[in-house]
Amino acid sequence: MKVAQQHSTLARLVCSSCGNAFSIFEPQTFSSCCQQPLIAEYDLPRISPSVLQQRPSTMWRYAEMLPVLDPENIVSLGEGMTPVIYPKRLTEKFDLPFFHIKDESGNPTGSFKARGISAAVSKAKEFGFEGCIVPTAGNAGGALAAYCAAAGMKAVVVMPSHTPDVFKEECRLFGADLVLVDGLISDCARRVATLKQSLPFFDISTMKEPYRLEGKKTMGYEIAEQFNFDLPDVILYPTGGGTGLLGMWKAFDEMETMGWIGSKRPRMIAVQAANCQPIAERFAGNINSVKEYVGRASLAYGLAVPHPFAENMIMRVLHGSGGLPIAISDEAMIDAVKLIAREEGMLIAPEGAALWVALQQLIKEGLIRNDENILMLNTGSGYKYLQNL
Ligand SMILES: *Cc1c(COP(=O)(O)O)cnc(C)c1O
C-alpha cells in the first residue's frame with residue numbers, strides 16, 4: 001500500500017534557541033551555534049482538515065507536515081491513528097465525566113516510539129545512510145530495530161544492561177546489533193558517541209536530531225482530529241526526553257497557523273518518575289540545569305532519563321501552557337497498572353499508569369477539576385513489562 005502521495009512542505013531547520021537556519025538537504029544533529037535542538041519549519045500548506053478524510057489511517061496522513069521529501073523513502077509499519085478510549089468504569093467510579101485515554105500501545109513494537117522512529121528512519125533512508133544507531137532505555141531500541149529491518153538498513157541499539165530480556169530479545173529478533181552498558185541512558189549516550197566515530201550511521205539520540213520530534217508531533221494532529229478540533233483542557237504526558245510533549249505543542253502551533261484550531265491550548269502536565277525527576281527539580285528551582293541532576297533507575301524505563309537534552313524547550317512548554325511537572329513513585333505506578341487492568345481490561349505501560357496517579361493527586365490538590373476535559377496518553381503496552389510487574 002502506498003502510504004502517502006502528498007509532498008512535504010519542509011522548508012528549513014532552525015536552532016531552537018537563536019533561530020539560525022540550517023539546511024534540510026544534509027543530515028543534521030543539533031545546532032552548532034547554541035548546542036540546542038534543531039526544529040523543522042514548513043511552508044505550511046493552505047489546506048482544510050477535510051482533506052484528511054481520504055487519507056491513510058497512519059501518521060503519514062499528515063505528509064505535507066512531515067519531513068520526508070520523496071514519498072518513496074517513507075518507511076511505515078502502520079504507526080499512528082491510535083484510538084481515543086473512554087474508560088467507562090473508571091470515569092464513573094472516579095467521577096471523571098470527560099476523561100479519555102489515547103492508547104498508543106497498539107503501535108508497531110508496542111509503543112509510541114514507532115512514530116518518531118518511522119520519521120527518523122525514513123529520513124536516514126532519504127539521506128542514503130546504511131544504518132542507524134540509538135541509545136535507549138528500551139522501547140526506542142525495539143522500534144529502531146524493526147523500522148531498520150523494514151528499510152533494509154542496519155541498526156545498532158545501545159541499552160542499559162538491567163533492561164528486561166524482552167526489550168533485548170526483540171532487538172535481536174529484528175536483526176539489530178545490541179550493545180549493553182552498565183548504567184542509565186545517559187551512559188548509553190556516551191557509548192554511542194564513541195561508537196559513532198568509527199561507524200557512519202545516522203545517530204537518532206532523542207532531540208539530537210530533528211526528525212523524531214516530527215513523527216511524535218502527529219499525536220497532536222490526531223488529538224485535534226479526534227476531538228473535533230476542540231483540544232482538551234488538560235493533557236497528561238509521561239516525560240523522559242520530552243519528544244511527545246514538545247511534538248504535540250508544535251503540532252498545535254502548526255494547526256493554528258493553518259487555521260485548523262484557535263489559540264486555546266491544553267495545560268500540559270509532564271509526569272516523571274520519583275526516581276528520575278530532573279524536570280520537576282528544575283521547575284521547582286532546585287537545580288539550574290538537568291545536567292546537575294543524578295537520577296536512578298525506574299521500572300518506567302522510558303522515564304529514566306536524567307539529562308533530557310531539550311530541557312529548555314520543555315520548560316518553555318510547561319510555563320507557556322500553564323502546566324507543571326509532577327513525579328510519581330514506582331510503587332504507585334504498579335498499583336495503577338493493576339487498577340486499570342482490573343477496571344478496564346487495558347494492560348498499560350507503567351509510564352502511562354503514572355499519569356493516572358498524577359491525575360488523582362492533582363485533582364486532590366485542586367489543580368485539575370474532575371469535570372474538565374482531560375486526556376492522558378498511554379505511551380506503551382504493559383506486556384513488555386510483565387517480567388517486572
Ligand atoms: C520513551 C517513552 C516515554 C518518554 O518519551 P519521551 O519522548 O522521551 O519523553 C514514555 N513512555 C514510554 C512507554 C516510552 O517508551
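As the structure lists them, so they are numbered: ligands from 1, and atoms in each ligand from 1.
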Apart from Ile287 itself, what residues make up its hydrophobic cluster when side-chain heavy atoms of I, L, V, M, F, W and Y under 4.5 Å apart count as a link, directly or indirectly? Tyr293

Which is it for Gln272 and Val305 under the side-chain contact (heavy atoms from CB on, under 4.5 Å) test, yes or no, and what are the steps along the way? CA-CA 9 Å; Gln272 301 216 284; Val305 183; over 6 Å; no

Under the side chain to side chain contact (heavy atoms under 4.5 Å, CB included) test, residues paired with Ser23 that sit two or more places apart: Phe25, Glu26, Gln28

Present, as a list of atom pairs with distances to 0.1 Å, all nitrogen or oxygen contacts under 3.5 Å between ligand 1 and the protein.
from	atom 1	to	atom 2	distance (Å)
ligand 1	5 (O)	Tyr237	OH	3.2
ligand 1	7 (O)	Lys216	NZ	3.1
ligand 1	7 (O)	Tyr237	OH	2.9
ligand 1	7 (O)	Thr243	N	3.1
ligand 1	7 (O)	Thr243	OG1	2.5
ligand 1	8 (O)	Gly241	N	2.7
ligand 1	9 (O)	Tyr237	OH	3.1
ligand 1	9 (O)	Gly240	N	2.8
ligand 1	9 (O)	Gly241	N	3.2
ligand 1	9 (O)	Gly242	N	2.7
ligand 1	11 (N)	Thr379	OG1	2.7
ligand 1	15 (O)	Lys113	NZ	2.8
ligand 1	15 (O)	Asn139	ND2	2.9

Where the side chain of Asn20 meets the backbone of Cys15, is there a donor-acceptor pair that is under 3.5 Å apart? no

Can you name the residues that form a side chain to side chain contact (heavy atoms under 4.5 Å, CB included) with Phe127, not counting sequence neighbours? Pro27, Lys123, Phe129, Tyr211

Flag yes if more than 12 heavy atoms outside Phe227 fall under 6.0 Å of its CZ atom; otherwise flag no. yes

